Amino acid sequence: MADAVGAPAGGARINAEIDRAVVRWSRKDGPAPAALLYISGDLATGGSTLLNEMMTRVGFRNAAATYGLTHTGTLSAETIVTQPPAVVIAPERVSRGTLLRHRLLPTTPQAVFPRVLINCGGPTLPPALERLAAIRASVS
């Protein structure tokens with residue numbers, strides 16, 4: 001993309017930052033707790049997504065992928081309640097979906113993942129990996 005817009009040096013810099021973040025925040029030790037990441041409202045990110053890749057790199061198992069969700073979609077309340085994740089991650093602090101998740105999973109930790117980190121790859125990848133790694137570090 002950087003080459004296409006005439007900024008190859010900027011692209012190389014961003015790629016180097018991403019590479020450093022992947023090395024710094026990747027985790028392969030210990031168990032991989034299940035995390036359910038909502039990108040907005042009731043839309044969760046499943047397997048075969050960039051967010052799934054980042055979640056697994058920092059040491060999570062993507063609960064939505066385990067439930068069978070590929071790409072982005074919704075999950076039934078029954079699925080979530082019968083197989084609760086170790087943590088729910090979502091961009092909203094207070095929304096209808098957040099309130100429902102708190103009622104369905106009252107003992108499951110809820111973590112905030114800013115919406116701006118969900119939008120796309122590129123420069124948002126290093127801070128997104130850092131935030132996911134911080135959430136992972138908080139989950140035992």
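The model shown is predicted, which means the values in this text are computed figures rather than measured ones.
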Which pair of non-hydrogen atoms, one from [X] and one from [Y], has the smallest distance, and what is that distance?
X	Y	result
L50	G121	CD2-CA, 3.8 Å
T66	R61	OG1-NH1, 3.3 Å
G122	P126	O-CD, 3.8 Å
A90	R101	CB-NH2, 3.6 Å
T108	P84	OG1-CB, 4.4 Å

Student check: side-chain heavy atoms of [X] and [Y] closer than 4.5 Å:
X	Y	result
P91	V112	no
V139	P109	no
L75	L36	yes
P85	V88	yes
I89	L132	yes
R27	R136	yes
R131	P114	yes
T124	N119	no

Looking at R24, I'd like to know if its CZ atom is crowded, meaning that more than 12 non-hydrogen atoms belonging to other residues, nucleotides or ligands lie closer than 6.0 Å.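 Not more than 12 within 6.0 Å, no.
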What distance separates [X] [atom1] from [Y] [atom2], expressed to the nearest 0.5 Å?
X	Y	atom1	atom2	result
T56	L51	OG1	CG	10.5 Å
L99	L104	CG	CG	11.0 Å
M54	W25	CE	CH2	14.0 Å
T107	H102	OG1	NE2	12.0 Å
N52	F60	CG	CZ	12.5 Å
L37	T45	CG	OG1	6.5 Å

Keeping [X] on the side-chain end and [Y] on the backbone end, is there a donor-acceptor pair under 3.5 Å?
X	Y	value
Y67	Q83	yes
D42	T74	no
T49	G46	yes

Tell me, with the steps shown, if Y38 and L43 meet side chain to side chain contact (heavy atoms under 4.5 Å, CB included). CA-CA 6 Å; Y38 285 91; L43 292 175; 5.7 Å; no
Any link between I39 and L69 through a network of hydrophobic side chains (Ile, Leu, Val, Met, Phe, Trp, Tyr) touching at under 4.5 Å?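 No; L69 is not reachable from I39 via cluster members.
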In terms of hydrophobic clusters joined by side-chain contacts under 4.5 Å, are I80 and F113 together? no
